[in-house]
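First comes the structure, then the notes that go with it.
Below, all heavy atoms of this structure are taken into account, side chains as well, without hydrogens, waters or symmetry copies. Naming: A, B, ... by sequence-line order, numbering from 1 per chain.
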Amino acid sequence: MNQSFFRTLAACLTLSLLVPAYASSTFAVGQLKKAFTVPVIKAKVGDVVTFKNEDEFAHNVFSLSEVQSFDLGSYKKGESRTLTLTTPGTIEVECAIHPEMKMKIEVAK
Amino acid sequence: MPSKVFNWRISLPQVLLLFFVLVGAAIAHEGAFNDPWLRPDAAPAPDDNLPNASRVKLGEMLFWDPRLSRKSSMSCASCHNPALGWSDGLPTAVGFDMQILGRATPTIINTAFNTIQMWDGRKANLEEQALGPIAAGGEMNLPLGEMVTRLQAIPGYKPEFDKAYPGQGISEVTVARAIASFERTVLSTESPFDRWRKGDEKAISPAAKHGFELFTGKANCAICHQGYNFTDNGFHNIGVKDPGDTPDVGRFAQRKVKSMQGAFKTPTLRDVALTAPYMRNGAYRTLTEVVEHYNRGGDVKDNLDINMVALNLTHEECQDIVAFMESLTGAPRVVNVPALPH
């Protein structure tokens with residue numbers, strides 16, 4: 001076996017060790033009794049957050065944060081919306097319908 | 001000396017009867033205590049403005065004092081008139097120099113329980129809200145600095161502020177806190193609905209009971225009009241028509257989110273029979289018209305709240321919901337109109 005084969009093998013092994021460390025994670029957040037079930041999430045760029053409405057009435061998810069603004073719209077009981085985190089920083093998340101519903105997502109690089 | 005008067009011997013059935021009566025009463029009391037449709041005894045207040053008699057008395061004076069308006073012609077009570085359900089009986093408010101404003105005067109009954117204030121939620125709490133109409137150009141139109149100067153020039157106010165807020169003087173902060181303290185006493189009184197919830201089956205009519213069943217069921221009203229104050233403190237576009245060409249954007253002015261376009265805060269339904277006309281622009285004269293609005297799923301469909309759908313209620317069902325809402329009228333409240341300091 002030549003040298004290039006071992007180089008390629010070493011590169012593949014290194015990558016396989018690194019991939020789990022950088023794989024994206026998914027965070028589940030419920031909306032229950034007019035509150036987010038998780039007050040703060042510590043995540044990283046590329047991670048995904050799902051927001052599931054567990055109340056009997058509609059909820060909304062949005063953020064007007066400079067870090068990442070979005071509006072996932074309003075949706076009924078049992079439905080979910082998904083957010084992929086794109087930018088490091090702190091995102092303040094709210095429900096537009098029920099303004100006392102607030103949470104934060106701290107996004108690392 | 002033996003006496004029949006103090007003969008405490010009782011039979012086993014009597015003991016059991018007493019036991020069940022006491023247990024039943026305890027369960028009934030606990031049930032009433034935990035009933036989400038019954039109002040708590042007192043309104044919440046912030047730690048830096050806990051109410052006391054001096055603060056409420058001062059706030060009551062300020063609430064009734066027309067000198068808190070530019071021309072000394074309007075007080076808070078001009079629009080929040082206790083004789084008209086702490087509102088004004090008008091489709092939309094009349095402000096400075098008799099100009100007609102764009103939104104209805106909301107009642108202040110139970111506003112102390114609201115977690116956000118004003119139709120569009122632009123004030124976070126009662127202390128913030130209290131100064132808003134005083135300074136608003138279209139309303140009482142008195143700059144807050146001038147308000148403080150005026151009050152400081154009225155000798156009779158100084159001892160009242162000293163008693164209510166010792167060492168804090170007459171300032172925007174103490175004026176706001178005093179008015180908020182008074183507003184925290186403007187609470188709904190016990191209504192026939194409350195007596196029914198506490199176990200008096202005769203307190204409301206069968207129609208009103210059926211109306212409540214519809215309210216919390218088929219008609220879906222309680223999805224927004226939740227709990228003892230009949231509000232979710234939330235914002236919804238319910239498809240009310242605006243009379244002019246320019247629709248009121250409502251909450252969108254505060255939160256630039258699509259669903260907030262044309263959305264307004266859910267009002268309380270306590271004493272709702274006393275606060276006609278209805279909706280944020282006084283669009284309807286009667287509660288029947290209000291229920292019919294919901295029954296057809298609103299009128300303006302552009303950005304309708306996700307909960308708004310046609311209900312297919314019969315005329316009788318609509319009337320039963322009205323009967324229920326009328327059962328929310330509390331016992332008349334005795335209102336004190338204070339002599340103002342000079």
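- Comparing B:Arg255, B:His236, B:Arg251 by heavy-atom pairs within less than 4.5 Å of chain A, the highest count is held by B:Arg255.
- Atoms SG and CD1, from B:Cys224 and A:Ile97 in turn, are 8.0 Å apart once rounded to the nearest 0.5 Å.
- With rounding to the nearest 0.5 angstrom, the CD atom of A:Glu100 is 8.0 Å from the CD1 atom of B:Ile116.
- The environment of A:Lys104 atom NZ is sparse: at most 12 non-hydrogen atoms of other residues, nucleotides or ligands sit within 6.0 angstrom.
- Between B:Phe235 and A:Pro99 the shortest heavy-atom distance is CE1-CG, 3.5 Å.
- Counting heavy-atom neighbours within 6.0 Å of B:Lys218 NZ, excluding the residue itself, gives a total above 12.
- Taken to the nearest 0.5 Å, the CD atom of B:Gln226 stands 6.0 Å off from the NE2 atom of A:His98.
- When heavy atoms are compared at a cutoff of 4.5 Å, B:Ile306 approaches chain A by way of both its backbone and its side chain.
- Summarising the local packing, NZ of A:Lys33 is surrounded by 12 or fewer heavy atoms from other residues, nucleotides or ligands at distances under 6.0 Å.
- Surrounding CD of A:Glu66 are at most 12 heavy atoms belonging to other residues, nucleotides or ligands under 6.0 Å away.
- Heavy-atom pairs under 4.5 Å with chain A were tallied for B:Asn220, B:Thr266, B:Asp232, B:Asp305; the largest tally goes to B:Asp232.
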